[in-house]
Protein chains: 2
Amino acid sequence: MRFERAAVTVNEAFDRFAGQHLPAGAPAALVHQLRALASLHSLPRRQMSRFDVTRDHLVFVASGPTKLVALDAAGSEQIVAFQFGGDCLILPREGLHAYRLVAIRAASLLVFDAEALRPLEQRAPVLNEMIARCTLAALQRTRANLVAMGRRSATERVASFLLSMREIEQVAQADGRTLTLEMTRKEIADCLGLTVETVSRQFSKLRDLGLIATPSRTQVRLSDPVRLAAQAGAFAPAA
Amino acid sequence: MRFERAAVTVNEAFDRFAGQHLPAGAPAALVHQLRALASLHSLPRRQMSRFDVTRDHLVFVASGPTKLVALDAAGSEQIVAFQFGGDCLILPREGLHAYRLVAIRAASLLVFDAEALRPLEQRAPVLNEMIARCTLAALQRTRANLVAMGRRSATERVASFLLSMREIEQVAQADGRTLTLEMTRKEIADCLGLTVETVSRQFSKLRDLGLIATPSRTQVRLSDPVRLAAQAGAFAPAA
DNA sequence: CGCGTTGTTGAAAGTGATCAATGTCGGTGG
DNA sequence: CCACCGACATTGATCACTTTCAACAACGCG
């Protein structure tokens, strides 16, 4: 079993952040100031972030897969995007919608108050560039996701969900095909905008077609990724 | 009838762009260089942008309502976002999806090659900030749209479409309730991920409920915006 | 072992898509 | 001015798919 060391200290997380998102030539003073503004939050599995909802935040996902969800009036979640160790995102303050970050598995987050970064940005364009890059990446993924949500059948959604999970969770077995979904059917259903029953039926259908195998409740083996991709439809893996 | 003067020259469009998106204190040299990189494109009603699909572009919508669409394999459009006079957006090169800008009514676009802007960005952080601001705004709207698309019924989609159109097209009559949709039912259907027939039925239904009136093929009178908003559901107007 | 949670399966109902026919508007040419 | 044409819109009937409601099975845990 693979064992990924979680980032446990602010400094570890920050170093990871700097290595990933700050150019090598970034001025030491900037790095120093940034470090002072960072705070580390550990988010246990399935737990929702609880930051100050009146402020925007820049969040670096130091470790662990997470999802950005929108909460509707009924409190049910609608997935907006997935993030993984190394990704950076803007978590907007509560406006028309309330957004939260939810840990799919235990995650560590490095959090910056967006407002506090502003003075730094003025002096250090690198920071601005970094944020712009992250925002643009998020925009691209969100647009792709939007298209995906538009007109897709349950089968297409489930198939492409499995494929995108495979990319993410290379936490796979040696064969690179078996993945462990750390999510209940309900969570998957919320992600895909379907019901639990439909998700379950799609799993059964794909199993009957011989495209996947489900040795246990949480494990899925992609027996035939190629034909699975065919089921995922035109706009295949929502990257 | 209101008569909005379209931006016809590059300079007119550029001035509008600078006024809207560049801070007053922007260095004259920067403005000058930017102007040299801008090119103007007039997009007739319903026409699709035809820029170099291998390059990213920064587009300023100088005038006219436009929509950003994703094209699927079948060539049918899936709406991603609306833009209006004054908005700025990143039109990404063709990747997993192909995006196009489509004029809802005749529009003028000021187009920059994103690559060509890069050297300018390095020297002028203002430019970077501007792009970051636009990207972030686009991200927020797209996220909102994604949530909207998630699990919404045909009625909700049509009702909130009408409401958001009202916000946009204040090209309304004196009463502020009658709007002229410069779109066919097919275009509306594509926007909402529905079929023409379903859209038509929803119009009929809302008309029967007394929420709207349809004096002509293109005109819609929102007789009862409040109850219409109720039909639009929890995540009302997709801003 | 029993119980609660989670997952699967079946039957019925609801919703939108598809297919097909008809209706309406706007323009063109007689 | 009117008849006709073609594009667009509406309406109806049917079909496919997803949800909903309900029962049951499997697993994990005390």
Side-chain angles (χ1 to χ4, degrees), chain A residues 45-46 72 74 76-78 104 148-162 165 179-209 211-221 231-234, chain B residues 45-46 72 74 76-79 104 148-162 179-209 211-221 231-234:
Chain A
R45 182 162 133 78
R46 291 192 198 175
D72 69 10
S76 90
E77 306 174 358
Q78 160 77 52
I104 293 174
M149 284 304 259
R151 281 169 162 290
R152 298 178 68 205
S153 71
T155 309
E156 288 173 323
R157 292 180 202 215
V158 172
S160 66
F161 169 79
L162 288 174
M165 274 300 150
L179 52 93
T180 305
L181 300 176
E182 306 276 350
M183 305 166 74
T184 65
R185 296 286 184 269
K186 175 81 178 78
E187 289 176 301
I188 298 172
D190 280 339
C191 284
L192 302 176
L194 299 169
T195 59
V196 219
E197 295 94 329
T198 302
V199 171
S200 182
R201 272 185 251 274
Q202 294 306 326
F203 271 79
S204 303
K205 178 182 154 191
L206 294 174
R207 183 162 17 80
D208 293 348
L209 287 172
L211 306 188
I212 65 172
T214 52
S216 87
R217 201 170 266 196
T218 57
Q219 290 198 313
V220 180
R221 195 186 129 82
Q231 293 284 334
Chain B
R45 183 163 133 78
R46 292 194 196 174
D72 69 9
S76 88
E77 305 174 357
Q78 160 77 52
I79 193 148
I104 294 174
M149 282 303 260
R151 280 171 162 288
R152 299 176 69 206
S153 70
T155 308
E156 289 172 323
R157 291 181 201 216
V158 172
S160 66
F161 169 79
L162 289 174
L179 52 94
T180 304
L181 301 175
E182 306 277 348
M183 305 167 75
T184 65
R185 296 285 185 270
K186 175 80 178 76
E187 290 175 302
I188 298 173
D190 280 339
C191 285
L192 302 176
L194 300 169
T195 61
V196 220
E197 294 94 329
T198 302
V199 171
S200 183
R201 272 185 250 274
Q202 294 305 326
F203 271 78
S204 302
K205 178 183 154 191
L206 294 174
R207 182 164 16 80
D208 293 347
L209 288 172
L211 306 187
I212 64 173
T214 52
S216 87
R217 198 170 268 194
T218 57
Q219 290 197 314
V220 179
R221 196 186 130 80
Q231 293 285 333

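Proteins come first, then strands; the chains are lettered A, B, ... in the order of their sequence lines, and each starts at number 1.
- Side-chain polar atoms of A:Arg217 and A:Thr184 form no donor-acceptor pair below 3.5 angstrom.
- In terms of phosphate contacts, A:Thr195 brings no side-chain nitrogen or oxygen within less than 4.0 Å of OP1 or OP2 of D:dT18.
- Taking atom NZ of residue A:Lys205 and atom C1' of nucleotide C:dT8, one finds them 17 Å apart after rounding to whole Å.
- Note: CE (A:Met183) to P (C:dT5) measures 21 Å, nearest angstrom.
- Rounded to whole Å, the distance from CD on A:Glu197 to P on C:dA13 is 17 Å.
- A distance of 10.5 Å separates OG in A:Ser160 from CE in A:Met165, rounded to the nearest 0.5 Å.
- With D:dT19, D:dG12, C:dT6 as the choices, the nucleotide that has an atom nearest any side-chain atom of A:Arg217 turns out to be C:dT6.
- Summarising the geometry, the separation between CD1 on B:Ile212 and P on D:dA9 is reported as 14 Å, rounded to the nearest angstrom.
- For D:dT10, one of the phosphate oxygens OP1 or OP2 lies less than 4.0 angstrom from a side-chain nitrogen or oxygen of B:Arg185.
- Of the candidates C:dG16, C:dG7, D:dT18, C:dG16 carries the atom nearest the B:Gln202 side chain, counting heavy atoms from C-beta on.
- A sub-4.0 Å separation between OP1 or OP2 of C:dA17 and a side-chain N or O of B:Thr198 is present.
- Within the 4.5 Å cutoff, the side chain of A:Cys191 has heavy atoms near those of the A:Met183 side chain.
- Between B:Thr184 and D:dA7 there is no side-chain N or O to OP1 or OP2 distance below 4.0 Å.
- Both A:Val199 and B:Val199 sit near DNA chain D, but only B:Val199 has its closest nucleotide nearer the 5' end.
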Starting from the C-alpha separation in whole Å, work towards a yes-or-no answer on side-chain hydrogen bond (donor to acceptor under 3.5 Å, both in side chains) for B:Gln231 and B:Thr155. CA-CA 7 Å; B:Gln231 293 285 333; B:Thr155 308; 5.1 Å; no
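- Between B:Lys186 atom NZ and C:dA17 atom P the separation is 12 Å, expressed in whole Å.
- Atom CZ in A:Arg201 sits roughly 18 Å away from atom P in D:dA16 (whole-Å rounding).
- Judged purely by distance below 3.5 Å, without hydrogens or angles, the side chains of B:Arg207 and B:Thr214 pair a donor atom with an acceptor atom.
- Atom-to-atom, CD of B:Gln219 to P of C:dT24 comes out at 19 Å; the value is rounded to the nearest Å.
- The interatomic distance linking B:Leu194 (CG) with D:dA9 (C1') rounds to 16 Å, in whole Å.
- If you check distances only, the side chain of B:Arg207 never reaches the base of D:dT11 with a donor-acceptor pair under 3.5 Å.
- Within the 4.0 angstrom heavy-atom criterion, no nucleotide atom of any strand lies near A:Ser216.
- One cannot find a donor-acceptor pair under 3.5 Å joining the base of C:dG16 and the side-chain atoms of B:Arg157.
- Here A:Ser153 does not reach the OP1 or OP2 of D:dC17: none of its side-chain N or O atoms lies under 4.0 Å away.
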